[in-house]
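A short worksheet on the structure shown next.
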Amino acid sequence: MPDCVKCSVVGADLLNNARLNKGTAFTNEERSEFGLHGLLPSNVQTIDQQIERAYDQFKQESKSALRQNAFLNGLHFQNEVLFYKLLETHITEMLPIIYTPTEGKAIELYSKIFQRPEGCFLSIDQPLDTLEETMKRCAKQDHITYIVCSDGEEILGIGDQGVGGISISTAKSNLLVLCAGLHPHKILSVGLDCGTNNQDLLNDNTYLGLKKKRVRGKQYDEFIKAFVNSAKNAFPNVTIHFEDFGISNARRVLNEYREELCCFNDDIQGTGAVTLAAILAALHISKCKLKDSKIVIFGAGTAGTGIADAIVDAMIHDQSSKQDAISRIWLVDKQGVLYDDMSDDLTPAQKPYARDASEGKDDMKSLSDVIKKIKPNILIGCSTKKDSFDQNVCEQMAENHERPIILPLSNPTKLCEAEPKDVMKWTKGKALVATGSPYPPVENNDDNKIVISECNNALVYPGIALACILSKSSKLSNKMLYAAAVALAELSPAKEDESKGLLPDVEHVRSVSTHVAVAIIKQSVEEGLSKNENIPKGEDIKEWVEKNQWSPEYKKLVKE
Ligand SMILES: NC(=O)c1ccc[n+]([C@@H]2O[C@H](COP(=O)([O-])OP(=O)(O)OC[C@H]3O[C@@H](n4cnc5c(N)ncnc54)[C@H](O)[C@@H]3O)[C@@H](O)[C@H]2O)c1
Ligand SMILES: O=C(O)C[C@H](O)C(=O)O
Ligand SMILES: [Mn+2]
């Protein structure tokens, strides 16, 4: 009986069980069988009627996005199917509430607005041999296939949020269900509490995390190792997704484990893939080749260097040499352009891109000087520096190129390098733009609306996750990530009509994720990394992937 769910709880316990609860949609038959008569008003409703009511309630909170976020979280605790179905029905309106930018605000206020815990809390102070048991307890009896974890050090662009970082894990997990149809009970959201260097949190009596400075060095590394090993033991074949780790750990941790198991850093690799897709889509319009492009990346941290690496991989795929590919990228950080004589100041990820110090630093003091001198056709921002793509910078981009590509990617919205409407104004409508957080369309001179696509890793990581799980891939290779970017670029609406945006609308993210997953699974099989022997050949893969996706629908309950 595939569409039935076994249920051993009755009465109020059933109504309080979010996984099984249907609220007013319980049929009279179910009400009799599970002792629900009298606990519900008599009118039996359809899920559509429930959605209408829930949407009205959501609208009543429209004065405050944070209240809407709390309302949706409350619904999640009450009725899982209704929560996801409501989100699915109003995805464009609700994504900014459960994800960037509102989730950023909710994380900043985590301890103050805390009502009930969600996810699995692991602490660097607990004995390492208890991590496995803790994760199993949080997973209940479920077989976990995917873990999203964060140590909370670099949340979006808002820095160290300590224990509140667990909410980026839960938000990203919710999106996996919504955007790719992962089964909600097979994902574990983990917060790795390693202390915090956020003095405001340490001074705050209400703060719920460990009240000490961030632990670094050997103890941190041992904690992460124990966490990864415990996860592997508890849940064989699990994929681990690292989110919003700090710059000194993100890449180190990824490199440590990426050959050992299927794991993935969203800020490095997910951002790399989605940004590469936006660039490929934009180059299609500007009619320039990637390997002939010049790229300036402003903000050379976790995301910036991840994007650089994805671009280099793509150029190599287009027959460039690695050296030539690297020479087309300029990393700019707080110090300005990064040069090889700054060696002590550079992170390992930045070093390969450091320019020869003899290139001439003097005439490149500001970002607009850099643009004037280098004449890049692509400018990317992951700096967290609001308004850094100012009028000078944008005008200079448009002076150098007929169709400059400008991607201000910093999140949340308050940190974005430029408002799309300003970029369009300053470049006289020439720029090809996508942003990290959602923005409304911009009207250009001809009263034509230009859609500003969201270039957020949410367009790609759900598909990556789906592919990792279904292929049972032993690792996530660079070629699989490249396949994801190419697959996403194939779906660019701008191919048909450039005013429709460089990347698919989030409204279509579910079919986008399926398309991306299919491409990655094929690549995993081709590289011999997939351990799943049941993957069908050729065109049937899409149907098989769809069959394995979860959808929010009430199932018939049967007594256990
Ligand atoms: N759109 C997306 O999908 C996406 C994905 C990941 C990250 N991001 C955003 O990118 C931003 C950076 O994230 P991260 O994880 O790389 O953080 P990070 O801390 O690893 O990197 C930030 C980098 O910006 C540099 N920087 C800070 N101030 C600067 C300034 N005034 N001028 C130049 N450089 C400056 C820092 O020195 C650092 O190297 C965040 O706002 C984040 O939300 C967006
Ligand atoms: O979480 C997001 O909105 C994207 C990204 O992972 C980020 O850190 O900004
Ligand atoms: Mn992130």
Side-chain angles (χ1 to χ4, degrees), residues 95-96 98-104 106-107 148-161 165 167-175 179 241-252 254 264-278 296-310 330-338 342 345-347 349-350 353 366-367 370 380-390 393 407-417 434-439 453-462 488 503 506:
L95 213 55
I98 59 158
Y99 190 53
T100 187
T102 314
E103 191 58 26
I107 293 171
V148 185
C149 66
S150 180
D151 71 357
E153 186 174 358
E154 193 52 63
I155 298 295
L156 306 167
I158 57 176
D160 190 340
Q161 299 300 325
S167 290
I168 199 69
S169 300
T170 53
K172 293 263 174 182
S173 295
N174 294 345
L175 259 64
C179 304
H241 166 146
F242 299 103
E243 187 70 44
D244 290 353
F245 280 58
I247 192 166
S248 61
N249 290 321
R251 191 174 283 258
R252 248 173 18 87
L254 174 66
F264 156 68
N265 181 298
D266 191 24
D267 299 288
I268 299 174
Q269 297 164 298
T271 314
V274 75
T275 309
L276 176 59
V296 166
I297 301 178
F298 185 66
T302 307
T305 56
I307 294 167
D309 292 353
W330 281 258
L331 296 186
V332 183
D333 209 89
K334 283 179 192 154
Q335 314 93 306
V337 176
L338 301 183
M342 301 171 171
D345 256 359
L346 302 178
T347 66
Q350 292 169 341
Y353 298 96
S366 67
L367 181 59
V370 174
I380 300 165
C382 347
S383 63
T384 71
K385 178 87 168 86
K386 186 179 168 46
D387 295 339
S388 45
F389 294 179
D390 60 17
V393 166
L407 309 174
L409 300 183
S410 286
N411 297 322
T413 320
K414 64 178 179 183
L415 301 177
C416 190
E417 284 82 2
T435 49
S437 293
Y439 274 94
S453 292
E454 202 174 328
C455 178
N456 188 295
N457 46 34
L459 270 180
V460 76
Y461 84 81
L488 183 55
L503 293 171
V506 291

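In this chain, residues are counted from 1 in sequence order. Whatever order the structure lists them in is the order used to number ligands and atoms, beginning at 1.
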Glu154 N/O/S atom closer than 2.8 Å to the Mn ion (ligand 3) | no
Short N/O/S contact of Asp267 with the Mn ion (ligand 3) (below 2.8 Å) = yes
Enumerate, one pair per line, all nitrogen or oxygen atoms of ligand 2 lying under 3.5 Å from a protein nitrogen or oxygen, stating the separation to 0.1 Å; write 'none' if no such pair exists.
{"unit_1": "ligand 2", "atom_1": "1 (O)", "unit_2": "Tyr99", "atom_2": "OH", "d": "3.4"}
{"unit_1": "ligand 2", "atom_1": "1 (O)", "unit_2": "Lys172", "atom_2": "NZ", "d": "3.1"}
{"unit_1": "ligand 2", "atom_1": "3 (O)", "unit_2": "Tyr99", "atom_2": "OH", "d": "3.3"}
{"unit_1": "ligand 2", "atom_1": "3 (O)", "unit_2": "Asn411", "atom_2": "ND2", "d": "3.4"}
{"unit_1": "ligand 2", "atom_1": "3 (O)", "unit_2": "Asn456", "atom_2": "ND2", "d": "3.0"}
{"unit_1": "ligand 2", "atom_1": "6 (O)", "unit_2": "Lys172", "atom_2": "NZ", "d": "2.9"}
{"unit_1": "ligand 2", "atom_1": "6 (O)", "unit_2": "Glu243", "atom_2": "OE2", "d": "2.9"}
{"unit_1": "ligand 2", "atom_1": "6 (O)", "unit_2": "Asp267", "atom_2": "OD1", "d": "3.2"}
{"unit_1": "ligand 2", "atom_1": "6 (O)", "unit_2": "Asn457", "atom_2": "OD1", "d": "3.4"}
{"unit_1": "ligand 2", "atom_1": "6 (O)", "unit_2": "Asn457", "atom_2": "ND2", "d": "3.0"}
{"unit_1": "ligand 2", "atom_1": "8 (O)", "unit_2": "Asp244", "atom_2": "OD1", "d": "3.1"}
{"unit_1": "ligand 2", "atom_1": "8 (O)", "unit_2": "Asp267", "atom_2": "OD1", "d": "3.0"}
{"unit_1": "ligand 2", "atom_1": "9 (O)", "unit_2": "Asn411", "atom_2": "ND2", "d": "2.9"}

Determine whether [X] and [Y] make a side-chain contact, defined as any pair of heavy atoms from C-beta on separated by less than 4.5 Å.
X	Y	result
Thr302	Glu154	no
Asp345	Gln350	no
Cys382	Phe298	no
Leu95	Leu175	yes

For [atom], tell me which residue out of [options] has the closest non-hydrogen atom.
atom	options	value
atom 30 (C) of ligand 1	Glu153, Lys334, Glu454	Lys334
atom 24 (O) of ligand 1	Gly246, Ser388, Ser383	Ser383
atom 21 (O) of ligand 1	Gly301, Gly272, Gly157, Gly104	Gly301

Closest non-hydrogen protein atom to [atom], residue and atom name please, with distance?
atom	answer
atom 15 (O) of ligand 1	Thr302 CB, 3.7 Å
atom 39 (O) of ligand 1	Asp333 OD1, 2.7 Å
atom 17 (O) of ligand 1	Glu154 CG, 3.7 Å
atom 41 (O) of ligand 1	Asn411 O, 2.9 Å
atom 22 (C) of ligand 1	Cys382 O, 3.8 Å
atom 1 (N) of ligand 1	Cys455 O, 3.0 Å

Which ligand 1 atoms does [X] reach within 4.0 Å, using its non-hydrogen atoms?
X	answer
Ala303	6 (C), 7 (C), 14 (P), 16 (O)
Asp267	6 (C)
Gly436	1 (N)

By atom name, which N, O or S atom of Asp244 is the nearest to the Mn ion (ligand 3)?
->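 So the atom name we want here is OD1.
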Measuring from the Mn ion (ligand 3), name the closest N, O or S atom belonging to Glu243.
-> OE2
Spacing of [X] atom [atom1] and [Y] atom [atom2] [to the nearest 0.5 Å]:
X	Y	atom1	atom2	value
Thr435	Asn411	OG1	CG	8.5 Å
Thr102	Ile107	OG1	CD1	11.0 Å
Arg251	Ile268	CZ	CD1	4.5 Å

Would you kindly specify which portion of [X] sits under 4.0 Å from ligand 1, judged on non-hydrogen atoms: side chain, backbone, both or neither?
X	answer
Ser437	neither
Pro412	neither
Lys385	side chain
Thr271	side chain

Are the side chain of [X] and the backbone of [Y] linked by a donor-acceptor contact shorter than 3.5 Å?
X	Y	value
Thr271	Asp266	yes
Ser437	Pro412	no
Ser173	Ser169	yes

Check the pair Glu103, Asn174 against side-chain contact (heavy atoms from CB on, under 4.5 Å), reporting the backbone distance first and the verdict last.
-> CA-CA 12 Å; Glu103 191 58 26; Asn174 294 345; over 6 Å; no
Using the six-membered ring wherever Trp is involved, compare the ring planes of Phe264 and His241 and label them parallel, tilted or perpendicular (cut-offs 30° and 60°).
-> perpendicular
Are the charged groups of Asp244 and Lys172 less than 4.0 angstrom apart, N to O?
->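 No, no charged N to carboxylate O under 4.0 Å.
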Answer yes or no: are there more than 12 heavy-atom neighbours, outside Lys386 itself, under 6.0 Å from its atom NZ?
-> yes
Pair Ser410-Glu417, side-chain donor/acceptor within less than 3.5 Å =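 Per modelled atom types, Ser410 and Glu417 side chains form a pair under 3.5 Å.
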When you check the side-chain N and O atoms of Asp267 and Tyr461, is any donor under 3.5 Å from an acceptor?
-> no
Sub-3.5 Å N/O-N/O distance, Thr384 and ligand 1 |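 N/O-N/O distance under 3.5 Å: no.
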Short N or O distance, Gln350 and ligand 1, threshold 3.5 Å exclusive = no
